[in-house]
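In what follows, a single structure is set out as structure tokens and then discussed.
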Amino acid sequence: MGRMVGAQVRRLRLLRKMSVSALARESGVSKATLSNVEAGQGNPTIETIAAIAVALRLPLGDLIQPVPPPGPVALRATEVTGPFKQELFHRIGPGMNTEVWRLRIAVAGYRIESPGHTAGTTEHIVVDRGPITISVDGESLDLDTGDFVIFPADSPHFYEARGQDVRAVVVMSYPAMP
């Protein structure tokens, strides 16, 4: 997966006419790390990839999965693992893109931090198994099994497991790139 992510980061950085230095400054990721990512070396964390995506003004999915062609397309889940697991199931357009993720956090107290996404991004979360805390722009909500929340995701937010084996479905909608 590292090579594919690296190729996407490089391609999209060049499309935006950004230098590695400019992307490092915007993302808070060191130039050395960015160079390694673009070279397909190592295994960048989801937090690193998310910071790069935000700096490129892209949804995370554009860096971890190539954009599908228009028309009906069957997509397999793309797994991202660590102390938590995310699987991207579906992306659609036009006008708005939607990503459907299955999220699993196995470790109580583990927190996934996200900088704000592209302006106009909205997240919808259904908790399959709680408890979980969702914090958006400093305002926290404690959710449990069966709870549902919608929030504008263009500001900093995080998910934190308050128990073990927390599971949720996250639906992210964001404006399509012109």
>> D165: which residues meet the salt bridge (charged side-chain N to carboxylate O under 4.0 Å, His left out) condition with it, sequence neighbours left out?
In response: R104, R129, R167
Which atom pair, heavy atoms only, marks the closest approach of [X] to [Y]?
X	Y	value
H124	S173	CE1-OG, 4.3 Å
P44	V37	CB-CG2, 4.0 Å
G130	T145	N-OG1, 3.0 Å
D147	D144	OD2-N, 2.7 Å
A24	K31	CB-CG, 3.6 Å
I105	A161	CG2-CB, 3.6 Å

With rounding to the nearest 0.5 Å, note down the distance linking [atom1] in [X] to [atom2] in [Y].
X	Y	atom1	atom2	value
E160	T133	CD	OG1	6.0 Å
S19	R25	OG	CZ	6.0 Å
I134	D142	CD1	CG	9.5 Å
H117	E123	NE2	CD	4.5 Å
F151	L141	CZ	CG	9.0 Å
L34	L23	CG	CG	4.5 Å

> Per the side-chain contact (heavy atoms from CB on, under 4.5 Å) rule, which among L56, V54, I49 passes with I52?
Replying inline: L56
> Is atom CZ of R10 surrounded by more than 12 heavy atoms (other residues, nucleotides or ligands) closer than 6.0 Å?
Replying inline: no
> Does a side chain donor of either Q164 or Y110 reach within less than 3.5 Å of an acceptor in the other side chain?
Replying inline: no
>> Between R111 and E113 (salt bridge meaning N to carboxylate O under 4.0 Å), is one present in this structure?
In response: yes
>> Running the 4.5 Å side-chain criterion over Ile, Leu, Val, Met, Phe, Trp and Tyr, what cluster does F158 land in, apart from itself?
In response: none
Give a yes or no on whether [X] and [Y] share a hydrophobic cluster (residues Ile, Leu, Val, Met, Phe, Trp, Tyr; joining criterion: side-chain heavy atoms under 4.5 Å apart).
X	Y	answer
I150	L143	no
V126	V171	no
F148	V166	no

>> V20 vs R13, test: side chain to side chain contact (heavy atoms under 4.5 Å, CB included). Steps then yes/no.
In response: CA-CA 8 Å; V20 172; R13 177 182 61 78; 3.6 Å; yes
> Going through the distances and angles, do I125 and V169 end up as a side chain to side chain contact (heavy atoms under 4.5 Å, CB included)?
Replying inline: CA-CA 6 Å; I125 300 173; V169 174; over 6 Å; no
> Got a sec, which residues hit side chain to side chain contact (heavy atoms under 4.5 Å, CB included) with A50, two or more places apart in sequence or on another chain?
Replying inline: L60
> Can you tell me if D154 uses its side chain to pair, donor with acceptor, with the backbone of T121 under 3.5 Å?
Replying inline: no
